[in-house]
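Here the structure is laid out as structure tokens; the discussion comes afterwards.
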Amino acid sequence: MKLSQPALPTLYHTQFWSSSRPLAVLEELGLTKEAGGPIDVITITEKELKSDPWLVANNPQKRLPFFYDPYNDLKLNESGGLVQYLLETYDTQNKLWPAINDPTRPEFLKLLHFGPASAYHVGVPILFRYGVAEDSPLRTSEENYRAKINDFHNFVAPTLQQALGRHGGPFLLGDKFSAADIVCGYDLMTISFTKCAKELLEPFPQVKDYLDRISQRSVYQKLYTMPASGGAATTSSSKKTKTAAASIVSAPVTKKIKLSH
């Protein structure tokens, strides 16, 4: 498929990659063209990401997510910033984020960017210790793998567990599901597919139960469910949902990839 400048604001996406974060926001808000909304979603292959002339010219970093708005020639990559932009532009009723004067807003902004800025850089190296080929340049060293496990135990899981405890759950900001749950849920989904998922989650029962809850949401299942023939393993947190990391570490992706943040 040869790409060209889109007529609508468009999110470029590859299943299970970091573009899943902004796509989940669009899905939860009913903003996709498929749902009658104003934003198109184009699913691309890794080959198209790296070699399609129009896409490379406009996304020279060759990273996902990539969002293009033809109305103002806007080009955005980073998932945390893109999610915030989508909320500010399209979620005028604050369905997925607190209003400016809401006392939970500062913590929301922290958690919104905590996922891609911090948790992502812990979860992916853990996943890439045993989830890629031994000779892959992406394979995490044993030393770094153990260091990242410590990071998960010392600040990633405690950050989430403290938010759940402070607000009484069931979500990070309390009773209301928000984009912070979408962003951090992506990183927990990655963790759930690591070889040491049980070791990582068992000391944090609130976080494990939280992952169980959000993994039952229809958008989560739509985005992170493998096709019936895909053969993905079930998550450690929910045996009902076949999910994502099997694709992240599938054979075509054991080369150098750009998952973005």
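Numbers here are sequence positions counted from 1. These values consider heavy atoms only, across backbone and side chains, with no hydrogens, waters or symmetry-generated copies.
The line from CD1 of I191 to CE of M189 is 10.5 Å long, rounded to the nearest 0.5 Å. To the nearest 0.5 Å, atoms CG (L109) and OG1 (T104) are separated by 9.5 Å. With rounding to the nearest 0.5 Å, the separation of OG in S18 from CG in L23 is 12.0 Å. Atom CG of L74 sits about 8.0 Å away from atom OG1 of T89, to the nearest 0.5 Å. Interatomic distance, NZ of K33 versus CG of D40, reported as 4.5 Å (0.5 Å rounding). In this structure, OG1 on T32 lies 10.5 Å from CG on L11, to the nearest 0.5 angstrom.
Side-chain contact between I126 and Y145 is present, with at least one heavy-atom pair separated by less than 4.5 Å. In this structure, the side chains of K148 and D151 come closer than 4.5 Å at one or more pairs of heavy atoms. Between E28 and K95 the shortest side-chain heavy-atom distance does not fall below 4.5 Å. When side chains are defined from C-beta on, K2 counts as touching D52, because their heavy atoms get closer than 4.5 Å. In this structure the side chain of V183 never reaches within 4.5 angstrom of the side chain of Y120, judged on heavy atoms. Counting heavy atoms from C-beta outward, Y90 and V25 have side chains that stay 4.5 Å or more apart.
With respect to the salt-bridge test (charged N to carboxylate O, under 4.0 angstrom), the residues D181 and K176 do not qualify.
Summarising the local packing, CD of E34 is surrounded by 12 or fewer heavy atoms from other residues, nucleotides or ligands at distances under 6.0 Å. Residue-environment remark: CD (E142) exceeds the threshold of 12 foreign heavy atoms within 6.0 Å.
Shortest non-hydrogen contact noted between P22 and L86 is CB-CD1, 3.8 Å. Pairing each heavy atom of S118 with each of F155, the nearest pair is CB-CE1, 4.1 Å. Residue H153 comes nearest to P203 through the heavy atom pair NE2-CG, 4.1 Å, listed as atom of the first residue, atom of the second, then distance. Pairing each heavy atom of I182 with each of A24, the nearest pair is CG2-CB, 3.5 Å. Of all heavy-atom pairs between R21 and S79, the closest is NH1-OG, 2.9 Å. Across P116 and D187, no two heavy atoms sit closer than the pair N-OD2, 4.3 Å.
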Test side chain to side chain contact (heavy atoms under 4.5 Å, CB included) applied to E134 and R139, step by step: CA-CA 7 Å; E134 288 189 15; R139 195 163 197 256; 4.0 Å; yes
Side chain to side chain contact (heavy atoms under 4.5 Å, CB included) evaluation trace for F204 with L160: CA-CA 9 Å; F204 303 96; L160 301 179; over 6 Å; no
Side chain to side chain contact (heavy atoms under 4.5 Å, CB included) assessment of F114 paired with V156: CA-CA 9 Å; F114 174 75; V156 173; 4.3 Å; yes
Test side chain to side chain contact (heavy atoms under 4.5 Å, CB included) applied to I44 and T14, step by step: CA-CA 6 Å; I44 61 172; T14 295; 3.7 Å; yes
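Between F108 and W97, the ring planes are tilted. Angles from 30° to 60° get that label.
Under a 3.5 Å cut-off, the side chain of N77 and the backbone N or O of P65 do form a donor-acceptor pair. Judged purely by atom type and a 3.5 angstrom limit, S20 uses its side chain to pair as donor or acceptor with the backbone of W17. Counting only distance, with no hydrogens or angles, the side chain of S19 and the backbone of H13 share no donor-acceptor pair below 3.5 Å. At distances below 3.5 Å, at least one donor-acceptor pair connects side-chain atoms of T190 with backbone N or O atoms of Y186. A donor-acceptor pair is defined here as one N or O able to donate and one able to accept, closer than 3.5 Å; no such pair exists between the side chain of N59 and the backbone of L55. A donor-acceptor contact shorter than 3.5 Å is absent between the side chain of Y12 and the backbone of R63. Without hydrogens or angle criteria, Q15 side chain to Y224 main chain gives no donor-acceptor distance under 3.5 Å. Between the side chain of D91 and the backbone N or O of L96, at least one donor-acceptor pair lies under 3.5 Å.
Here the options are L172, L211, V207, the test is side-chain contact (heavy atoms from CB on, under 4.5 Å), and the partner is C184; only L172 passes.
Apart from I100 itself, the hydrophobic cluster it occupies contains nothing, where clustering links Ile, Leu, Val, Met, Phe, Trp and Tyr at side-chain heavy-atom distances under 4.5 Å.
Hydrophobic clustering keeps V41 apart from L8 (ILVMFWY residues linked when any side-chain heavy atoms are closer than 4.5 Å, directly or through intermediates). Taken together through direct or relayed side-chain contacts under 4.5 Å among Ile, Leu, Val, Met, Phe, Trp and Tyr, Y85 and L112 form part of one hydrophobic cluster.
Applying the side chain to side chain contact (heavy atoms under 4.5 Å, CB included) rule to D73 yields the partners Y68, K75; only residues at least two apart in sequence or on another chain are considered. In this structure S141 satisfies the side chain to side chain contact (heavy atoms under 4.5 Å, CB included) test together with E143, N144, sequence neighbours excluded.
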